[in-house]
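Remarks on the structure that follows.
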Amino acid sequence: MRGVVSYKTLLIILVLFTATGTALASKPTAHGQLSSDLFTDSTKCAQCHAIIHNQWEGTMHYNAYEDPFYQKEFMVASNDTAGIVDIFCSRCHTPIGVVSGEIPPKDGSQLSDIARQGVQCDFCHVISDSNGTGNAPFVVSPGNTKWGPFDNSKSAYHGSEYLELYTNSEYCGMCHDVIHPINGLVIDDTYTVWKEGAYAKEGVMCQDCHMTPGITKFEANPGRAGSSAQKREHISTHDIVGGNAFVTKILGEEKYSKMAVERLEKAATLNIDAPEIAQRGDNVSVNISITNSGAGHKIPTGVSEIRQMWLAVSVKDRNGKEVYNTGQIDDSGTIVNARKVYNTILGDAQEQPTLSFWLAESVLEDNRIPPKGTVSEKHTFKIPADVAYPLALEATLKYRSAPQDTIDHLFGDNVYEVPVINMTRASSSIYENEGEAMATPSTPGIAALGSITLFLCAAYCISRRKI
Ligand code: HEC
Ligand code: HEC
Ligand code: HEC
Ligand code: HEC
Ligand code: HEC
């Protein structure tokens with residue numbers, strides 16, 4: 001049973017949307033809206049900005065409207081709320097569709113091709129001002145002038161204007177913070193967490209990780225921003241990716257799916273604190289810590305009630321026999337026995353967990369890992385009597401864009417398999433006794449110590465024999 005929205009709530013929402021809708025349009029037409037004809041098709045920009053266009057085409061910005069996962073969820077949200085959220089959701093996923101009044105209707109039947117281009121060139125570059133962050137408070141002035149990061153840019157085709165906003169996280173923060181329009185519940189806090197975290201203090205912007213080849217830090221990308229433009233020390237890259245290796249794959253955007261995996265692989269580090277020696281029958285406790293070493297916000301972030309991150313921990317003996325195993329995925333796609341799934345759990349009006357964030361009224365749990373933060377998990381297992389030493393302990397941090405059953409429920413069983421990404425791994429060994437531990441070359445420190453001990457022992461034995 002989905003929640004039912006009261007008549008009073010409906011009214012408040014309508015008032016809210018009318019208000020924000022009017023504030024948005026800085027150059028209204030006679031009907032109070034901007035015609036989508038005022039925006040330029042991205043293929044036009046490609047004539048001179050070919051590299052940038054090539055980078056943007058196929059990203060989740062390009063696919064923000066056509067994204068099949070979004071489409072399904074949008075329909076459910078619209079049905080759950082009697083259409084109240086139609087404009088709300090669309091404001092970020094097809095901003096031109098909203099400012100031009102082509103949505104509603106929600107089925108997209110009135111949408112121009114340009115509005116279907118999602119978050120596209122000429123929308124992003126006619127943002128001439130913003131009324132803060134969260135819930136898309138952009139001000140757009142479509143026309144000849146393109147706003148951007150350069151204060152000395154000239155183009156024969158269009159006017160250029162510098163706006164500092166483009167070089168700051170506040171630009172991204174317009175859409176990358178989502179607040180429930182009725183009850184004020186923070187649903188996506190990517191920008192806010194960045195703002196309150198270590199990266200903001202160091203002046204590291206979203207652009208420094210997401211619009212450079214650096215992934216976790218700024219890396220210059222020298223070149224030209226357009227044909228016959230001057231050479232510059234840095235041109236920002238527009239292949240803006242996050243962790244979405246799933247929908248990019250569904251859409252056949254293999255390049256961006258791979259880039260998402262690479263990004264996930266750089267987001268975190270693992271550390272294992274385990275005893276080196278333990279006996280058969282012992283209860284062994286192991287601490288595994290996860291550090292968010294690469295992301296400027298929590299991991300995961302965004303629609304973090306849908307994303308999942310967890311640790312898979314396995315212990316096997318020398319013959320591959322399983323001693324301990326948690327966090328694997330079973331045949332139905334369920335995560336088995338993970339100590340924790342790192343994400344947010346939203347609660348509906350009955351305080352029951354819900355993935356439908358439009359129905360959420362509270363955050364029941366948030367155990368995501370803050371920027372530069374560390375959390376740790378304790379795993380305990382008993383060493384059976386019949387193991388063959390040494391034991392191999394392996395921890396893998398895993399990520400997937402959505403629970404498998406959510407996708408099965410929306411698209412049908414066996415339609416899409418949500419890929420499970422291995423973000424990072426760590427391993428260690430447990431031995432029966434010191435001699436075995438010392439003889440193992442895989443831990444150089446111990447091996448070195450071992451040879452010293454052996455040497456001392458040999459010297460001692462020899463001296464003893466002499467006596
Ligand atoms: C999500 C919004 C967004 C989209 C979509 C987008 N841009 Fe940008 N663009 C930016 C931002 C932000 C910057 C400045 C980044 C910085 O310098 O820190 C920028 C910079 C630029 C620049 C200056 C040169 C550079 O890369 O530093 C040009 C030219 C440009 N964009 C053209 C385009 C074109 C053409 C498209 C479509 C193919 C496009 N942009 C799509 C946000 C966007
Ligand atoms: C006829 C070629 C041409 C076309 C078409 C074109 N541009 Fe440009 N654009 C340029 C050149 C050249 C520059 C200067 C680059 C520089 O200063 O390094 C430029 C600069 C820019 C800048 C940087 C402005 C600043 O002050 O930071 C943005 C943003 C931009 N273009 C966006 C677009 C968008 C969006 C489109 C499509 C609607 C587009 N351009 C179409 C040639 C073109
Ligand atoms: C006009 C609104 C808007 C602006 C401005 C905007 N984004 Fe986005 N962005 C979106 C939407 C909507 C999506 C999600 C599309 C989807 O998944 O269906 C998205 C997706 C992304 C993703 C992919 C997430 C994933 O899971 O892979 C990243 C990364 C991202 N944006 C970063 C940025 C950065 C960095 C900036 C600033 C330079 C920015 N965005 C500006 C609306 C915006
Ligand atoms: C220090 C580098 C860094 C900074 C700064 C940074 N990011 Fe990220 N971002 C990452 C990495 C690494 C990932 C992959 C891990 C993940 O998906 O959580 C990521 C993932 C994302 C995702 C996808 C999250 C998911 O799990 O679905 C979005 C959206 C995003 N970033 C937006 C932003 C925005 C907006 C900002 C600025 C407010 C920003 N990022 C600042 C490095 C950074
Ligand atoms: C203020 C901007 C904003 C609003 C409003 C908004 N979204 Fe989004 N949406 C985003 C951004 C940014 C992302 C990407 C975050 C990430 O990748 O984790 C996103 C991602 C999503 C995703 C995940 C898509 C994927 O491919 O994994 C779904 C589903 C979604 N939104 C549905 C909705 C629905 C339904 C609504 C309305 C109830 C809505 N959104 C309203 C900005 C917004």
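Throughout, residue positions are numbered sequentially from 1 according to the sequence presented. Since this is a predicted model, take the numbers as computed values, not measurements. Numbering of ligands and ligand atoms starts at 1, following listing order.
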Inset, instruction - May I ask you to identify, for Lys72, whether its side chain, its backbone, both or neither come under 4.0 Å of ligand 5 on a heavy-atom basis? - result: neither
Inset, instruction - Measure Lys217 to ligand 4 on non-hydrogen atoms and call it side chain, backbone, both or neither using the 4.0 Å cut-off. - result: neither
Inset, instruction - Output yes when a protein non-hydrogen atom is found under 4.0 Å of atom 2 (C) of ligand 5, and no otherwise. - result: yes
Legend entry - Option with minimal heavy-atom separation from atom 14 (C) of ligand 3, where the choices are Arg91, His93, Glu73: His93
Inset, instruction - Indicate, as side chain, backbone, both or neither, the part of Asp177 found under 4.0 angstrom from ligand 5 when only non-hydrogen atoms are considered. - result: backbone
Inset, instruction - Please write down residue, atom name and distance for the protein heavy atom closest to atom 41 (C) of ligand 3. - result: Cys172 CA, 3.8 Å
Inset, instruction - Report the member of His176, Arg263, Gln120 with the shortest heavy-atom distance to atom 22 (C) of ligand 3. - result: His176
Inset, instruction - Please check if the distance between the ring centroids of Tyr324 and His379 is under 6.0 Å. - result: yes
Legend entry - Identity and distance of the protein heavy atom lying nearest atom 36 (C) of ligand 4: Cys206 SG, 2.8 Å
Inset, instruction - Select the closest option to atom 11 (C) of ligand 3 among Arg307, His61, Glu170, Gln207, judged by heavy-atom distance. - result: His61
Inset, instruction - Work out whether the distance between some heavy atom of Thr301 and some atom of ligand 5 is less than 4.0 Å. - result: yes
Inset, instruction - Measure the distances from the heavy atoms of Phe246 to every atom of ligand 5 and state whether one is below 4.0 angstrom. - result: no
Legend entry - Atom indices of ligand 5 within 4.0 angstrom of Met60 heavy atoms, with elements: 26 (O)
Legend entry - ligand 4 versus His297: contacting region, heavy-atom distance under 4.0 Å: side chain
Legend entry - Gly242 near ligand 5 by a heavy-atom separation under 4.0 Å: no
Inset, instruction - Could you see which bit of Val303 sits under 4.0 Å from ligand 5, with heavy atoms only: side chain, backbone, both or neither? - result: both
Legend entry - Numbered atoms and elements of ligand 3 in range of Cys92, under 4.0 angstrom, heavy atoms: 12 (C)
Legend entry - Atom indices of ligand 3 within 4.0 angstrom of Cys175 heavy atoms, with elements: 1 (C), 2 (C), 3 (C), 4 (C), 5 (C), 42 (C), 43 (C)
Inset, instruction - Sort out for me which residue in Tyr166, Trp56, Trp147, Phe138 forms a ring pair (Phe, Tyr, Trp, His ring centres under 6.0 Å) with His125. - result: Tyr166
Legend entry - Close approach of Ala136 to ligand 3, heavy atoms, under 4.0 angstrom: no
Legend entry - Under 4.0 Å to a heavy atom of Met211 - the qualifying atoms of ligand 3, by number: 38 (C)
Inset, instruction - Verify whether one side chain among Ser112 and Glu102 offers a donor that lies under 3.5 Å from an acceptor in the other. - result: yes
Inset, instruction - Compare Trp358, Phe88, Tyr191 and give the one whose heavy atom is closest to atom 5 (C) of ligand 5. - result: Phe88
Inset, instruction - Could you tell me whether the side chain of His210 and the main chain of Val241 form a donor-acceptor pair under 3.5 Å? - result: yes
Legend entry - Where ligand 3 meets Asn244 - atom numbers and elements under 4.0 angstrom, heavy-atom basis: 25 (C), 26 (O), 27 (O)
Legend entry - Interfacing atoms of ligand 3 (cut-off 4.0 Å, heavy-atom, Asp67): 16 (C), 17 (O), 18 (O)
